[in-house]
Amino acid sequence: MATNCKDYDFRQIEPHWQSFWEERKSFRADNSSAKPKYYVLDMFPYPSGAGLHIGHPEGYTATDIIARYKRAKGFNVLHPIGWDAFGLPAEQHAVKTGTHPATNTAANITNFKRQIKALGFSYDWEREFATTDPDYFRWTQWIFLQLFSRGLAYVDERPVWWCPELRTVLANEEIVDGKSEVGGFPVERRNLRQWVLRITAYAERLLSDLKDVDWPDSTKRMQEAWIGRSEGAEILFALEDAKLGTLKIFTTRPDTLFGCTYMVLAPEHPLVEALTTVDHRAAVDVYKKKAAAKSDLERTDLAKDKSGVFSGSYAINPVNGARVPIWIADYVLMGYGTGAIMAVPAHDERDFEFAQKYSLPIPRVIAGPAGDEKLPYTGDGTLINSPGYDGLAWPDAKKKITNELAARDIGKATVNYKLRDWLFSRQRYWGEPFPIVWVDESDYAKAKAARSNTLPENPVTFAEGGKKLFALPLPSGALPLQLPDVQSYLPSGTGESPLANVPDWLEIWLNYETGAALPASQPKPAGDAWLRGRRETNTMPQWAGSCWYYLRFLDPKNPDAFASPEALKYWGVPDLYVGGAEHAVLHLLYARFWHKVLFDLGAVPQAEPFTKLFHQGIILGEDGEKMSKSRGNVVSPDAIIASHGTDTLRLYLMFLGPLEAMKPWSMKQIEGVFRFLQKVWRECVTAEGGVNPKISADAAEPTELTKLLHETIKKVGDDIEALRFNTAISQMMIFTNALQKAPVASRATVLAFVQLLAPFAPHLTEELWERLGEKPSVQNAPWPKFDPTRLTATEVKLVFQVDGKHRGDQLVPVGLTQDQAMEIARANPRVAPFLAGRSIRRVVFVPGKILNVVTQ
RNA sequence: GCCCGGGUGGCGAAAUGGUAGACGCUGGGGACUUAAAAUCCCCUGACCGCAAGGUCGUGCGGGUUCGAGCCCCGCCCCGGGCACCA
């Protein structure tokens, strides 16, 4: 039943149809269907306390239009939503108020859900879940165990930000100007035990498989740059003091070996100690200390002014036996390559700058184009001053020298990546606990005998207090491992998470066969399978839950697997993934990594998770600035829904400009789309609420209107497919203007138009559809088809140009020859004067478009 | 510094190498109304002209082409990403 309002009363219409959809579960996606499937996904929202901001509905409206359009096109559409609900803000709130983060998270989800429902999106709410649901994170933990057993997870001491005042570990984004964001306290680097995932093992595939996905080029390039593959060679330099062994360096330019005049070690390099001679020890120690105190940020800030100290030692250049001084400088990073380089100042900007500062020789070994004598020279060229190789093009020399070094067993071609392994743990409460128990060596050996298939080839170990501990995973049957309740959400003073403060959860008797656990404070249970263990106190980062949620949507209630093989086969991966460009690297790279691991396990059928990706742009405030509370330019979806309705909001968000563009909000412009919807209403419904009498089944509407309808069907369909919603809306406005001018219109025409508008303004169109006498709902009607024969005109406007200048135009029959067109041009009173008395040099004729007469 | 993306009316924006400014907003004029709102009609890039019409015009300077907002070269400005990766 439609409402009975007389004018366009969105306050009645929108809630009415929202409950209609809700009651009928109109958007439920069936896991078995003969229809082709279409999976369209929004990036997982974090339910923050601030509620929805206007950027959320922008992307969500786009995917909702696609979802509704694809349903009308006969697809079985999966359009789900859920909550990325672990995370820092809830934990900070808990620290402040003492309430459990779950309480706050649940309240935020309720609010987000209310807001999202008010926008009328066609989500399948039966598939909703949150990453904090034990039924969900059970599988997050399960996937971690798969990574663990394949040797892709390990433990290492890593430097993290520690704030002594707050007694907590802080994420990078919580540090502002070297101080804690909260309170402005000093922070320091501290080495803490961390879980690390071996994403670098997938570097090559993460890079090469980018060619198979339909993503924005900029995003692909960002991932490529992040992975940062470079081909070069590792070369061993003998040390002058032979008993110290050799020095291994990485270079991408082995061809410049003859130009190497010094070596540089990172201050943290293990050989620094041994290579520093007595005379230089004091200076080196001071330098090392200074470098260690610098944060990454400071180290890069000071990049402009290079610094270093001489170690006092020398290496021997393997190609010419030259004695090369070894320097220590922090422009070389321990984390990349081998932490040591051969410096070739003539052909590297950084080495050049350094060599100039410390007056080191800068011999040229690559010749550029004649006359280009400027150094450093990093361009193409041939070798000089390199006995035995002079005249070779550098890429050839690179191969030749690498091969010769390899033959002498002092070098080999290698590939290096900038990509680092993924620091996967947080010293926090509000995250997935690791399903890991630390045990001693003999207990590990015992468990290994029974559970070898769940353990990595090489055990994950960690030395603490002189004891070597072994990481024993819980059996998957014991998942989920839930978070215990804690007294305080502050971390323990040692830098461990608050979980370290719960002795009965932490110190346990573990049954290694079942995963059952009892507090260690109780007597050891009977049976051989019980071990003494301490649980892992780290929790997983927020990325973990968002790494695989798109798979759980396929089969969210499945108790036996993260998704059934049937569901995985039928739905596959999202056909379209829409979200902000801020996730271009981290989320999208991490999810690809996990997906590939699952693919290697045979757990998912395809190697890439997101075949087509699109980034919506940012919506700025009316002042053209980024929306923010402090600027006071924030637009709330709630307020717009109250004042103009969600159909107007949706339509306006899409009409603003191209989806991918950054664009300012405007309260004046929204009136335009509101007027458009009111006009559509008036064309269909009289002031008394009846059907507009100009609409009838047998109306002899103008043929131009019919033609325009078919053009509109085509354009709106094409534009939706290409996510060009702004021009689709323009076209519908053009049609509505024509409809208004037409004295009569056929019911079929009006109905087809209502259908075109339905994905954009679903509430209004449901109402009109029923008022026009159709059975609800417009969502069930198949998408209108355009008739190509209606699109062909018999007459077209031909533009006349003389010497490239527009001199007139005229309607002409289609299929004109050039000669006929010339004749018409000569006869055209506007064109003729420009042709009079000129000789024609050339005529360019594009049928149906243009006739350009080129004169002398 | 390097890598991307973008500069079009008063504003948001349209334009397979083929009439630049569709559509919308704003502004001006008119119709309807006792009046207002709403609605409808006309105009709305700049300059010249009574008009017909003409000239100029897509950040700047060149180029290719019968024809360039679109392609090429060199600049300027704005936005985003990366940050000594050997």
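In the text below, chain A, chain B and the rest are named by the order of the sequence lines, each starting its count at 1. All figures in this text were calculated on a predicted structure; none of them were measured in a lab.
- Every residue two or more places apart in sequence or in another chain was checked for a salt bridge (Lys or Arg N to Asp or Glu O under 4.0 Å) with A/R198, and none qualifies.
- Residue A/K418 is classed as a base contact, given a heavy-atom separation below 4.0 Å to a base.
- Checking B/G24, B/C84, B/A83 against the side-chain heavy atoms of A/F655 singles out B/G24 as nearest.
- Of the candidate nucleotides B/C82, B/A86, B/U26, B/A86 has the atom lying nearest to any side-chain atom of A/T251.
- Judged by distance alone, with hydrogens and angles left aside, A/K306 brings a side-chain donor or acceptor within reach of the base of B/C84, the pair sitting under 3.5 Å.
- Projected onto RNA chain B by closest heavy-atom contact, A/P664 and A/V585 fall at different nucleotides, the more 5' of which corresponds to A/P664.
- Counting non-hydrogen atoms under 4.0 angstrom, A/S218 reaches the backbone sugars and phosphates but no base.
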Enumerate the protein-to-nucleotides 41-47 of chain B contacts in which both atoms are nitrogen or oxygen and the separation is below 3.5 Å.
| unit_1 | atom_1 | unit_2 | atom_2 | d |
| --- | --- | --- | --- | --- |
| B/C41 | OP1 | A/K741 | NZ | 3.2 |

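- With distances taken from any side-chain atom of A/V799 to the nucleotides B/C82, B/U19, B/U26, the minimum falls on B/U19.
- A/T256 contributes no side-chain N or O that, together with a main-chain N or O of A/G259, makes up a donor-acceptor pair within less than 3.5 Å.
- With salt bridges taken as basic N to acidic carboxylate O contacts below 4.0 Å, none links A/K398 and A/E231.
- Between the CE atom of A/M733 and the P atom of B/A13 there is a distance of 15 Å, given to the nearest Å.
- Atom CD of A/E671 is separated from atom C1' of B/C23 by 17 Å (rounded to the nearest Å).
- Rounded to a whole angstrom, the distance from the C1' atom of B/C71 to that of B/U65 is 10 Å.
- Between the base of B/U39 and the side chain of A/K679 there is no donor-acceptor pair shorter than 3.5 Å.
- Here A/N416 lies out of heavy-atom contact (under 4.0 Å) with every strand.
- Judged as a ring-ring contact (aromatic ring centres under 6.0 Å, His included), and not counting sequence neighbours, A/F237 has no contacts.
- Regarding A/E622, its CD atom lies at a distance of 13 Å from the P atom of B/G12, rounded to whole Å.
- We find that NE2 of A/H644 is positioned 12 Å from P of B/C25, with the value rounded to whole Å.
- In this structure, of B/C25, B/C4, B/G54, it is B/G54 that holds the atom nearest to the side chain of A/F834.
- In this structure, the nucleotide among B/C56, B/C40, B/C23 sitting nearest to the side chain of A/R682 is B/C40.
- Counting non-hydrogen atoms under 4.0 angstrom, A/Y417 reaches nothing in the nucleic acid.
- Taking 4.0 angstrom as the limit, A/R830 places a side-chain polar atom (N or O) nearer than this to OP1 or OP2 of B/G53.
- At whole-Å resolution of the value, CD in A/E582 and P in B/C4 are 22 Å apart.
- Taking atom C1' in both B/G54 and B/C4, one finds a spacing of 43 Å when rounded to whole Å.
- Backbone-only contact: A/M662 has heavy atoms under 4.0 Å from sugar-phosphate atoms and none from a base.
- For A/L677 and B/A38, the CG to P distance is 17 Å, given to the nearest whole Å.
- OP1 or OP2 of B/U26 sits under 4.0 Å from a side-chain N or O of A/R675.
- For A/N726, a side-chain nitrogen or oxygen approaches OP1 or OP2 of B/A14 to under 4.0 Å.
- The base of B/A22 is paired with the side chain of A/S730 by a donor and an acceptor separated by under 3.5 Å.
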Below 3.5 Å between N/O atoms, which protein atoms pair up with nucleotides 63-66 of chain B? Just atom names and distances, please.
| unit_1 | atom_1 | unit_2 | atom_2 | d |
| --- | --- | --- | --- | --- |
| B/C66 | OP1 | A/R842 | NH1 | 2.6 |
| B/C66 | O2' | A/N852 | ND2 | 3.3 |
| B/C66 | O2 | A/N852 | ND2 | 2.5 |

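- Under the 3.5 Å distance criterion, the side-chain polar atoms of A/R650 are matched with a main-chain donor or acceptor of A/P759.
- A/K663 places its NZ atom 17 Å from the C1' atom of B/G7, with the value rounded to the nearest Å.
- Of the possible polar contacts, one joining the A/D803 side chain to the A/T855 backbone as a donor-acceptor pair under 3.5 Å is found.
- Spacing between atom CD1 of A/I618 and atom C1' of B/C78 amounts to 15 Å, rounded to whole angstrom units.
- Residue A/K849 places a side-chain atom within donor-acceptor reach of the base of B/U16, judged by atom type and a 3.5 Å distance cut-off alone.
- For the OP1/OP2 pair of B/A13 and a distance below 4.0 Å, the side-chain nitrogens and oxygens of A/R724 include no atom meeting the criterion.
- For B/A51 and B/G12, the C1' atoms lie 35 Å apart once the distance is rounded to whole Å.
- With sequence neighbours left out, the ring-ring contact (aromatic ring centres under 6.0 Å, His included) criterion links A/W226 to no other residue.
- Under a 4.0 Å N-O distance rule, the pair A/K707/A/E711 qualifies as a salt bridge.
- Counting heavy atoms from C-beta outward, A/Y331 and A/D351 have side chains that approach closer than 4.5 Å.
- Ring geometry, A/W327 versus A/Y262: the interplanar angle exceeds 60°, so the pair is classed perpendicular (tilted spans 30 to 60°).
- For A/R807, the listed nucleotide lying nearest its side chain is B/U55; candidates were B/U55, B/G81, B/G18.
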Using a 3.5 Å limit on both pairing distances, list the dot-bracket string of RNA chain B from the 5' end; Watson-Crick and G-U wobble pairs count, crossing pairs take [ ], interstrand pairs take |. (((((((..(((.....[....))).(((((.......))))).((((....))))..(((((..]....))))))))))))....
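- The A/L333 side chain lies nearest to B/A86 when the options are B/A86, B/U55, B/U19.
- A distance of about 24 Å separates the C1' atoms of B/G27 and B/C56, rounded to the whole Å.
- In this structure, A/H806 contributes its side chain and A/V799 its backbone to no donor-acceptor pair below 3.5 Å.
- A salt bridge links A/R253 to A/D255: at least one charged side-chain nitrogen sits closer than 4.0 Å to a carboxylate oxygen.
- The glycosidic torsion of B/G61 lies more than 90° away from 0, placing the base in the anti range.
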